[in-house]
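Presented below is the structure to which this report refers.
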4 protein chains.
Amino acid sequence: MKGKQVVDRRIHRTQQMLSDAFFALIVERGYDSITVQDITERANIGRATFYLHYHDKEQLLEESLLALFEDLTKDVELAPGFPATYQSLSIHVFQHIAEHHALYRALFKEGGPPFIVIRMHRWLASLIERRVLKAHIEQCTSNVDAGLLAMHCAGSLLALVIWWLDHDLAPAAEQLGYLFWQLISPGINDVLGIPLPESNAIPDTKKEA
Amino acid sequence: MKGKQVVDRRIHRTQQMLSDAFFALIVERGYDSITVQDITERANIGRATFYLHYHDKEQLLEESLLALFEDLTKDVELAPGFPATYQSLSIHVFQHIAEHHALYRALFKEGGPPFIVIRMHRWLASLIERRVLKAHIEQCTSNVDAGLLAMHCAGSLLALVIWWLDHDLAPAAEQLGYLFWQLISPGINDVLGIPLPESNAIPDTKKEA
Amino acid sequence: MKGKQVVDRRIHRTQQMLSDAFFALIVERGYDSITVQDITERANIGRATFYLHYHDKEQLLEESLLALFEDLTKDVELAPGFPATYQSLSIHVFQHIAEHHALYRALFKEGGPPFIVIRMHRWLASLIERRVLKAHIEQCTSNVDAGLLAMHCAGSLLALVIWWLDHDLAPAAEQLGYLFWQLISPGINDVLGIPLPESNAIPDTKKEA
Amino acid sequence: MKGKQVVDRRIHRTQQMLSDAFFALIVERGYDSITVQDITERANIGRATFYLHYHDKEQLLEESLLALFEDLTKDVELAPGFPATYQSLSIHVFQHIAEHHALYRALFKEGGPPFIVIRMHRWLASLIERRVLKAHIEQCTSNVDAGLLAMHCAGSLLALVIWWLDHDLAPAAEQLGYLFWQLISPGINDVLGIPLPESNAIPDTKKEA
DNA sequence: TCCTAAGCGAGACGGTACGTCTTGTCTTCCA
DNA sequence: TGGAAGACAAGACGTACCGTCTCGCTTAGGA
């Protein structure tokens with residue numbers, strides 16, 4: 001019983017070292033020039049051992065990113081208030097991005113992994129749909145596809161993220177969150193036929209967040 | 001003088017065959033499993049000849065895509081009316097996507113080229129900024145970054161494109177264009193402080209387009 | 001400790017298979033039309049593995065020939081009697097050539113490796129100098145360069161070898177050895193000022209060898 | 001008629017430039033690293049033109065060497081005295097080598113053309129057989145193969161040449177020629193059963209040459 | 001205390017694609 | 001018509017990674 005745990009700890013430690021080494025290398029040199037050899041050398045791990053845990057570097061990235069995304073998901077889901085507002089959700093996203101800005105910058109830049117943008121896009125869309133849109137849509141009788149609206153929001157949000165990373169995270173997360181709300185919510189409400197429900201909200205960042 | 005032209009024609013033919021073969025293969029098998037060998041075999045071209053023209057398959061893709069994008073750019077710039085409306089511009093985009101839907105589906109799917117989404121995003125943003133936003137912004141005294149707004153629009157537009165490709169191009173391009181205008185323009189106008197200039201437009205596709 | 005040995009055995013086996021395959025191909029098709037691919041296919045070895053062991057086919061040949069030459073060196077050095085006579089040494093050489101006549105014929109023919117003749121020439125010269133000439137020269141006060149005499153002997157010996165291979169190894173090795181001694185020793189003795197020391201030897205192969 | 005001559009002259013000029021460029025490059029960089037491209041660039045000739053005249057660089061070498069050898073053949077055949085002595089013939093050879101020592105050094109060194117040594121060997125053997133040996137053999141009733149003796153002489157002569165090139169052409173050609181006679185003729189005469197015919201010749205270089 | 005199972009390092013190996021190099025052929029034009 | 005220019009097919013080269021494999025070593029429980 002305990003032996004199992006020790007082994008698990010050992011395995012976990014190995015995987016952690018691989019993951020850390022990989023992220024460090026991505027920040028330093030970009031994703032696609034990195035080889036499995038590079039990762040294992042950096043992590044002080046035998047190359048064969050890498051293949052005991054992952055099929056290829058893409059899988060390692062995928063699993064490492066999953067953990068990262070789940071951090072954010074938890075943030076969002078544990079935050080008070082449901083449904084969340086565009087503002088509050090996006091601020092969580094911006095803060096998460098800011099925390100890992102070096103990594104995300106490297107991932108979004110040329111030579112990043114092929115699937116990262118679309119993957120993140122879909123994942124944000126699903127988060128927005130679950131935490132914000134579903135509640136709004138239930139309130140009205142629109143027949144617009146919820147997934148489509150979610151993609152629209154996620155597309156916009158991701159666009160802001162990319163722009164933000166390009167501009168040294170210049171406006172504060174809260175301001176950008178407010179802007180996101182300004183840009184997104186009127187259109188959505190229009191489409192859903194909601195008579196300015198959120199528009200009444202005074203553009204006061206604190207209150208919203 | 002004439003000899004030069006003949007040679008150029010020959011070169012152009014070779015490049016065209018490579019480009020065509022590449023696109024065909026991308027549609028059939030997805031981008032990343034394709035080797036230079038595959039391309040040249042399909043194009044009936046010697047592998048070494050490939051390297052006379054391109055450094056690697058990424059460069060071939062890049063140049064081929066550029067030509068594709070420029071088709072669209074021309075469509076948009078030759079269309080009557082300046083500044084363009086969100087609706088008319090997006091309809092051109094949707095029509096362009098529809099024309100090459102098999103290709104774009106393959107490019108956006110997992111295993112597509114690493115840079116495609118971001119590249120297209122930036123390129124759409126630049127198109128929107130030049131053809132639509134610039135005129136609006138000059139009319140008002142807002143200090144919001146034009147590039148940011150362009151990224152927002154492009155992000156949304158790309159999101160709709162991806163959703164559309166996933167849903168068999170279900171609503172007509174005109175309808176999606178109208179939806180795009182509905183989703184985007186209120187927020188932008190809000191931010192720019194424009195008092196519903198476009199909102200007055202009756203949601204009649206024909207009139208807009 | 002033992003692991004190392006196992007690995008070494010594995011490596012040695014791989015190299016042996018490459019060497020064998022190479023010699024077989026040389027005999028069949030001549031040296032210069034053989035590609036690394038051909039060798040590894042014949043040896044059932046991955047092409048990349050070839051490059052783990054050798055830089056190119058020339059190096060493989062070099063190392064394989066070295067082993068061959070060392071067989072002969074051992075024959076000569078373990079034979080009784082020092083200094084050796086021209087006759088006994090050359091008979092060893094002829095016997096060695098006869099054993100591998102197919103290989104040597106292929107190597108000396110057009111399309112053989114560029115360096116083979118000169119390499120073998122120098123190597124024979126060194127063998128002759130060490131095993132035969134040195135002793136003679138020490139006995140007299142000549143100031144003729146030993147290396148020059150060695151080259152002369154080796155040149156003649158190699159000439160006989162080439163002639164012999166061209167004539168289906170017709171006279172027996174012993175007879176050719178006797179002829180070599182007849183042709184070489186009077187001149188050398190003349191030059192060294194040795195008063196017919198060997199000339200007295202009755203041309204009886206047994207006694208000489 | 002005259003037009004033909006002009007064209008021929010032009011062709012000859014092209015071939016001469018190729019040949020000269022090739023020899024120059026061989027001296028500079030060794031035979032085997034030279035490409036057809038290199039030769040034509042040095043000769044200011046189009047690469048395609050090379051192939052109008054020669055199939056490959058080996059053929060160019062062969063034809064160029066043939067011309068060189070024929071110079072020597074003429075020297076030997078026009079010299080007074082027949083049959084030639086070992087000494088006089090070898091001195092011609094040494095002088096010819098000395099004239100072109102840079103070229104021969106490059107040809108005999110590693111990376112030289114594969115066939116050069118054997119080719120030269122056979123060619124020298126044939127020269128010796130025709131100019132020296134044939135006459136001797138006719139005088140006696142020996143049944144030793146003339147070709148074998150010729151190979152022996154040529155092998156020795158070539159050996160001296162190689163040694164000489166390695167030693168900066170140190171002893172004069174005349175001395176080396178005398179040494180060659182000393183080394184070769186006693187053995188040959190022994191084998192042919194000739195009772196010291198040439199041995200009477202006073203080792204006086206001038207008289208011999 | 002030894003045993004044994006599992007994680008791991010080391011590295012040989014087969015395989016695939018790469019981008020480069022050189023060859024020999026061809027076509028078009030120029031002098 | 002000989003030569004220059006240069007696109008092209010063909011194919012070997014040596015390199016880089018990949019993913020698999022076998023072999024011992026270590027180590028920490030369980031016998």
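Keep in mind it's a predicted model, so treat the numbers as computed, not measured.
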Donor-acceptor pair, side chain of D:Lys57 and main chain of D:Tyr31, under 3.5 angstrom
yes
Length of the NE2-C1' vector between A:His12 and E:dG7, whole Å:
16 Å
I want to confirm an ordering. Mapping C:His53 and A:Phe50 to their closest nucleotides on DNA chain E, which one lands closer to the 5' end?
A:Phe50
Where the side chain of C:Thr49 is defined as all heavy atoms beyond and including C-beta, which of E:dC8, F:dA7, E:dG14 is the nearest nucleotide?
E:dG14
Rounded distance in Å - NE2 (A:His55) to P (F:dC17):
19 Å
Whole Å only: how far is the CZ atom of C:Arg10 from the P atom of F:dT22?
9 Å
Mind running a 4.0 Å heavy-atom check of residues 18-46 of chain A against DNA chain F and sending the residues that fall below it, in number order?
A:Thr35, A:Val36, A:Gln37
Can you name the residues that form a ring pair (Phe, Tyr, Trp, His ring centres under 6.0 Å) with B:His101, not counting sequence neighbours?
none
Inter- and intrachain pairs under salt bridge (charged side-chain N to carboxylate O under 4.0 Å, His left out), touching residues 12-23 of chain A, at least two apart:
none
Show every donor-acceptor pair shorter than 3.5 Å between a side-chain atom in residues 34-42 of chain D and any protein atom, with sequence neighbours excluded, or say none if there are none.
from    : atom 1 : to      : atom 2 : distance (Å)
D:Thr35 : OG1    : D:Gln37 : N      : 3.4
D:Thr35 : OG1    : D:Asp38 : N      : 3.1
D:Thr35 : OG1    : D:Asp38 : OD2    : 3.1
D:Asp38 : OD2    : D:Arg29 : NH2    : 3.0
D:Asp38 : OD2    : D:Thr35 : N      : 2.9
D:Thr40 : OG1    : D:Val36 : O      : 3.2
D:Thr40 : OG1    : D:Gln37 : O      : 2.9
D:Arg42 : NH1    : D:Glu28 : OE2    : 3.3
D:Arg42 : NH2    : D:Glu28 : OE1    : 2.8
D:Arg42 : NH2    : D:Glu28 : OE2    : 2.8

Return all side-chain donor-acceptor pairs below 3.5 angstrom for residues 58-65 of chain A, not counting sequence neighbours, or 'none' if the list is empty.
from    : atom 1 : to       : atom 2 : distance (Å)
A:Gln59 : OE1    : A:His55  : N      : 2.7
A:Gln59 : NE2    : A:Glu63  : OE2    : 2.9
A:Glu62 : OE1    : A:Arg119 : NH2    : 3.4
A:Glu62 : OE2    : A:Arg119 : NH2    : 2.1
A:Ser64 : OG     : A:Ser19  : OG     : 2.9
A:Ser64 : OG     : A:Leu60  : O      : 2.8

Taking atom P of E:dT22 as reference, at what distance in whole Å does atom CG of D:Leu60 sit?
17 Å
Classify the angle between the aromatic ring planes of A:Tyr104 and A:His100 as parallel (below 30°), tilted (30 to 60°) or perpendicular (above 60°).
perpendicular
side-chain N/O C:Thr14 vs E:dA12 OP1/OP2, d < 4.0 Å
no
Determine whether any donor atom in the side chain of D:Arg47 lies under 3.5 Å from an acceptor atom in the base of E:dG24, or the reverse, and answer yes or no.
yes
When rounded to whole Å, the CD to P distance for the pair B:Gln59 and E:dC18 reads 14 Å
Would you kindly give the CG-to-C1' distance between A:Leu52 and E:dA10, to the nearest whole Å?
13 Å
Those residues at least two apart in sequence (or on a different chain) that pass salt bridge (Lys or Arg N to Asp or Glu O under 4.0 Å) with B:Arg105 are none
Identify which nucleotide among E:dT20, F:dG3, E:dT23 has an atom closest to any side-chain atom of D:Tyr51, counting heavy atoms from C-beta outward.
E:dT23
How long is the line joining CZ of B:Arg9 and P of E:dT28, in whole Å?
10 Å
Result for 5'-nearest mapping on DNA chain F, choosing between C:Asp56 and B:Ala48, is B:Ala48
